Structures are given as C-alpha cells and as structure tokens.
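All remarks here apply to the structure that follows.
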Amino acid sequence: MNNPQVGIIMGSDSDLPVMQAAADFLKAASVSFEIKVVSAHRTPLRMVEYAQSASDRGLKVIIAGAGGAAHLPGMVASITNLPVIGVPVKSSNSIDGWDSILSILQMPNGIPVATVALNGSKNAGILACRILATNDDALADYLQNYQEEMKTAVLQKSRNVEGKFS
Ligand code: RP5
C-alpha cells in the first residue's frame with residue numbers, strides 16, 4: 001500500500017493468524033497500512049532500522065505482535081516516539097499466554113506500550129484507527145458508525161434472548 005499510516009509488525013509469520021484481524025479492520029476502514037515480519041531476537045538490526053525509520057516514512061502508529069518472550073513491541077517503543085500498540089500472541093513457544101502478556105504489558109516508566117488483550121489484534125486495529133481519527137473526520141465517522149452497528153447488533157441479540165423466555 002502507498003504511504004502507509006499504520007505499520008503492522010509481528011515476530012514471526014506464525015503470528016499472522018492472530019494479527020490478521022488488525023489488518024482486516026484497517027482495510028475495512030480504508031486506512032493504509034504495511035505489514036511485515038520483524039523479529040526482535042532473530043533480526044534485531046532490522047527491528048532497529050524499522051523503528052528508526054518509521055516516523056520519517058510517514059507511519060503514525062505501529063501495531064506490534066509477538067509471543068513468548070515478546071520483546072518486539074517494547075523495543076520498538078524504546079526507539080521510536082510513535083504510539084506503539086502491543087498485541088500479546090499465544091504462540092507455539094508460549095506457556096499459556098501470560099508470558100506474552102507480561103512481556104508486553106510490564107513496561108518501565110517512560111516507554112509506554114498500549115497493550116491489548118491476548119490475541120486481541122482486532123482491538124489493536126480499532127485503537128490505531130481511534131488515534132488516527134483524532135485528525136481525520138471521515139475516519140471518526142466510520143468509527144461512530146461501527147459503534148452504532150454494534151449497539152444495534154446487541155439490541156437484536158437481547159430481543160432474541162428475551163424471545164426465548166416470553
Ligand atoms: C516470537 O516467537 C514470535 O512472535 C512468535 O510468536 C514466536 C514463535 O515464533 P516461530 O518459532 O513460530 O517462528 O518471537
């Protein structure tokens with residue numbers, strides 16, 4: 001995609017089934033993004049180059065997903081000043097997901113990572129859109145409509161549940 005606003009990175013292609021939902025939300029919202037495998041441990045210099053160049057290349061938000069000893073989001077956040085959203089992935093080398101969560105969540109003061117739920121990449125995509133929508137009225141409208149649709153769906157579910165007992 002030309003002039004990506006959001007960078008989606010993940011530690012391995014094995015993270016893609018989880019990270020796909022972030023890409024899907026951005027695509028549906030017509031937000032330009034790039035998506036790459038960048039490993040903190042296997043390609044540390046690529047990670048540094050990616051984070052150092054991200055702002056100059058026009059990225060506004062980075063979504064970083066990783067599993068196990070998940071250092072990618074925090075290390076990227078330590079290099080760039082862009083907002084970084086971390087997605088803990090329950091991966092093949094993850095004990096039960098808590099390793100991924102805590103590795104991404106428990107950042108030291110000064111280097112924030114906005115951590116979403118385990119495997120919660122859809123919310124990472126939505127949060128990235130909310131950040132961009134502070135300066136994009138059309139995107140803000142899209143997100144407002146998205147919330148209205150959720151509300152309508154919940155009300156319909158409630159009517160369905162109520163109907164079973166009336
Ligand atoms: C992490 O190790 C990756 O983010 C992935 O979640 C996990 C396993 O990677 P693979 O062995 O599947 O490549 O760095």
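Indexing begins at 1, ligand by ligand and atom by atom, following the structure's order. Computed from a predicted structure; not experimentally measured.
Every atom of ligand 1 with a heavy atom of Ser92 under 4.0 Å away is listed here by number and element: 8 (C), 12 (O). Every atom of ligand 1 with a heavy atom of Arg42 under 4.0 Å away is listed here by number and element: 9 (O), 10 (P), 11 (O), 13 (O). Using a 4.0 Å cut-off to heavy atoms of Ala66, the atoms of ligand 1 that qualify are 4 (O).
A distance-only check finds a donor-acceptor pair linking the side chain of Asn119 to the backbone of Lys90 [under 3.5 Å]. Counting only distance, with no hydrogens or angles, the side chain of Asp136 and the backbone of Leu132 share no donor-acceptor pair below 3.5 Å. No side-chain donor-acceptor contact under 3.5 Å links Asp56 to the backbone of Ser53. No donor-acceptor pair under 3.5 Å is formed between the side chain of Ser94 and the backbone N or O of Ser100.
The nearest protein atom to atom 7 (C) of ligand 1, hydrogens excluded, is given as Asn93 OD1, 3.2 Å; this is a heavy-atom distance. Taking atom 5 (C) of ligand 1 as the reference point, the nearest protein heavy-atom neighbour is Asp15 OD1, 3.3 Å.
Considering backbone and side-chain atoms together, Ser39 places no N or O closer than 3.5 Å to any N or O of ligand 1. For a threshold of 3.5 Å applied to N or O pairs, the pair formed by Gly67 and ligand 1 contains at least one separation below that value.
To the nearest 0.5 Å, atom CD of residue Gln20 and atom CD1 of residue Ile8 are 9.0 Å apart.
Contacts between Ser14 and ligand 1, counted as non-hydrogen atom pairs separated by less than 4.0 Å, involve the side chain only.
For CZ of Arg130, the number of neighbouring non-hydrogen atoms (other residues, nucleotides, ligands) closer than 6.0 Å is 12 at most.
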